[in-house]
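Read through the structure below, which is laid out as structure tokens, and then see the notes.
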Amino acid sequence: MEVETSATAAAGAAAAAAEEEGRVTAVAAVPATLTAMAKGERAAAEGSQADRLMVKHPKATYVKAPHLTTVDQKLSVGSKLCFAIGGAPNQVAGSATAFFLQIFLLDVAQINPFQASMVLFIGKAWGAVTDPVVGFFITKSRWTKIGRLMPWMVGCTPFVVVAYFYLWFVPPFANGKFIWYLGFYCFYQTLITCFHVPYSALTMFLSTDQRERDSATAYRMTAEVLGTLIGAAIQGQIVASAHTLKHCLHHNLSASHLGNGSGAEVVRSLALSQDFLSHAKEVYMIAAGVIGGIFLICTVVMFLGVKEKDDPYAPKTEKQIPFHQGFVLVMRHGPYLTLTAAFLFISVAIQLVQSNFVLFCTYAVDLRDHFQNIVLTILLSAVVSIPFWQWFLERFGKKTAAFCGITWIMPFTVMLVFIPNLVVAYVVAVSSGLSVAASLLLPWSMLPDVVDDFRLANPFSKGHEPIFYSFYVFFTKFAAGISLGVSTLCLEFAGYDTGACRQPPPVAYTLKLLIGAAPVAFIVTGLMILLLYPISEDVRLRNKLALEDLRLQSV
């Protein structure tokens with residue numbers, strides 16, 4: 001409410017009185033519908049969301065909302081940057097494992113494809129199971145001087161670095177390699193969960209203002225895609241020499257086929273192969289050490305630059321709702337289930353492309369000397385396009401942005417399968433980066449809207465944010481684990497020859513299916529489910545206004 005300055009004291013007093021009266025009226029004029037909701041009485045089923053939000057006092061809310069959010073909830077650019085940097089190391093390490101762990105297990109650690117598939121599947125499944133467990137313990141955590149979520153991230157970081165390093169170490173024994181990699185992969189997944197779940201939920205505790213959270217999420221996604229780029233660049237450039245043909249005397253030979261040559265040739269080939277294998281082990285350990293150091297530095301920056309806040313305007317309950325009741329409420333919330341199911345299929349498609357892309361370039365399309373540069377092109381395109389998608393979702397809506405961004409990858413992956421040359425590969429890389437950016441940005445930008453919708457429907461259910469984030473990661477990780485395990489098992493059935501310089505034709509055909517047809521099928525399924533997502537831009541705006549009214553009421 002603007003108060004015009006008057007020449008007389010009486011006019012000034014009258015204006016001040018009018019302002020105070022308007023303020024009281026705005027607070028008192030809370031909609032009857034929201035009052036009923038505050039008592040836990042929902043008007044109808046979940047489909048009646050629009051009806052219960054129609055009755056509003058928009059003028060009072062719009063005038064008063066800035067006084068609640070601008071001063072206390074405005075985030076500085078420095079805070080957003082430090083928050084974003086905190087998410088980068090997870091993506092640096094995740095990028096390295098997504099692109100290179102499979103080929104490392106097969107060609108450097110030299111375990112058979114079945115064992116590699118078990119490591120990838122069980123490790124991912126274990127990581128998925130730990131997500132809700134960690135979410136449960138976070139909901140039981142007490143508030144400390146540095147917050148409730150920050151101690152988890154700071155405390156687990158040193159152990160994450162150790163587990164990550166030994167994941168890329170080749171032990172000196174041969175018989176127990178499967179147990180070694182399975183154990184350290186599960187250990188790493190557990191620790192990275194202890195970092196990622198509280199970090200994801202931290203978005204809700206930076207600010208109660210939707211615009212500020214969306215802005216912080218855009219900063220985060222830019223840093224995370226940049227972290228993915230850095231991880232792939234570091235890993236790819238350091239270990240590229242471990243995946244060349246220089247160790248093969250003949251391109252169509254492997255160590256297992258050298259019995260056809262002369263004795264001197266066999267000895268010379270075996271010696272060259274062993275030296276090359278030692279070099280490969282060394283460069284993978286160097287890359288692991290560099291990425292571990294980045295993880296430590298980024299966590300320190302986040303700890304020093306981010307302040308975790310509680311929602312000062314949320315209604316307080318007389319006693320805390322038990323975890324299992326909160327879980328049931330979350331799992332019955334339709335928008336959350338729809339969003340999770342849609343991006344579950346989409347993330348599986350992206351994961352299939354990531355995990356099999358290096359193998360595809362190496363054995364299916366003869367681009368092994370260019371794969372690291374193609375990967376960098378994909379991720380660089382993703383980094384550059386994050387600001388574009390942030391502008392696009394603000395201009396046209398998040399749901400529209402998801403459809404436009406994610407469908408873009410489908411024709412280009414199919415094109416690479418059918419036209420496998422270097423120029424097409426780089427065109428596909430640039431185009432795929434746009435979809436990778438959208439698939440990373442949109443779910444984390446839409447989840448806070450789902451949490452707001454849940455809070456409006458259940459105003460006395462506070463503190464369940466970790467459940468939303470942990471179970472979202474649980475479902476996507478579990479599905480990705482199944483897809484990775486099955487895809488590696490398909491290579492076993494196709495006759496993948498561990499350590500060979502060339503693979504048989506069925507392996508190349510299988511890789512083309514894993515890069516082309518399978519991701520397209522998963523993306524189409526996910527987008528069909530996303531059609532049912534009910535939180536449009538109009539609903540999101542009405543939710544925002546209704547939450548501001550609830551906060552006014554609590555004040």
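Since this is a predicted model, take the numbers as computed values, not measurements.
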field: Worked check of side chain to side chain contact (heavy atoms under 4.5 Å, CB included) between Arg332 and Leu337
entry: CA-CA 8 Å; Arg332 292 173 61 185; Leu337 295 179; over 6 Å; no
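- For Ile122, the side chain to side chain contact (heavy atoms under 4.5 Å, CB included) criterion is met by Met118, Leu182, Cys186, not counting sequence neighbours.
- Side-chain contact, Gln102 with Thr488: a donor N or O sits under 3.5 Å from an acceptor N or O.
- Separating the CD atom in Glu308 from the CG atom in Leu149 is a distance of 4.0 Å, to the nearest 0.5 Å.
- Residue Trp444 qualifies as enclosed at atom CH2: its count of foreign heavy atoms under 6.0 Å is above 12.
- Looking at Phe195, Tyr164, Phe159, Phe165 one by one, the single match for ring pair (Phe, Tyr, Trp, His ring centres under 6.0 Å) with Phe295 turns out to be Phe195.
- Taking OG of Ser95 as the start and CD1 of Ile234 as the end, the distance is 9.5 Å to the nearest 0.5 Å.
- Looking at Ser435, its side chain does come within 3.5 Å of a backbone N or O of Gly405 through a donor-acceptor pair.
- Within the structure, salt bridge (charged side-chain N to carboxylate O under 4.0 Å, His left out) pairs that include any residue of residues 110-121 do not occur (at least two apart or interchain).
- Within a 6.0 Å sphere centred on CZ of Phe178, other residues, nucleotides and ligands contribute more than 12 heavy atoms.
- Remark: the backbone N or O of Leu441 is not paired with any side-chain donor or acceptor of Ser445 at under 3.5 angstrom.
- Residue pairs meeting the salt bridge (charged side-chain N to carboxylate O under 4.0 Å, His left out) criterion with at least one partner in residues 128-138, sequence neighbours excluded, are Asp131-Lys477.
- In this view, Pro158 satisfies the side chain to side chain contact (heavy atoms under 4.5 Å, CB included) rule with no residue, not counting sequence neighbours.
- Side chain of Ser431 to main chain of Val428: no donor-acceptor pair is present (N/O by atom type, distance under 3.5 Å, no hydrogens or angles).
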task: Apply side chain to side chain contact (heavy atoms under 4.5 Å, CB included) to the pair Tyr188 and Tyr166, showing each step before the final yes or no.
output: CA-CA 9 Å; Tyr188 167 74; Tyr166 280 105; over 6 Å; no
task: Mind running side chain to side chain contact (heavy atoms under 4.5 Å, CB included) on Ile523 and Met410 for me, showing each step along the way?
output: CA-CA 8 Å; Ile523 288 174; Met410 293 192 292; 3.7 Å; yes
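- Within the model, atoms CG of Leu167 and CD of Gln189 stand 9.0 Å from one another, a figure rounded to the nearest 0.5 Å.
- Classification of the Trp408-Phe412 ring pair by plane angle, with boundaries at 30° and 60°, yields tilted.
- Of all the heavy atoms in Ala163 and Phe184, the pair that sits closest is O-CD2, 4.2 Å.
- Checked against side chain to side chain contact (heavy atoms under 4.5 Å, CB included), Ala425 has the following partners two or more places apart in sequence or in another chain: Leu367, Ile374, Leu416.
- Lys399 and Glu537 are not joined by a salt bridge, as no carboxylate oxygen comes within less than 4.0 angstrom of a charged side-chain nitrogen.
- Not counting sequence neighbours, the partners of Phe493 by the side chain to side chain contact (heavy atoms under 4.5 Å, CB included) test are Leu489.
- Relative orientation of the Phe173 and Trp180 rings is perpendicular, given thresholds of 30° and 60° on the angle between their planes.
- A 6.0 Å sphere centred on CE of Met528 holds no more than 12 heavy atoms belonging to other residues, nucleotides or ligands.
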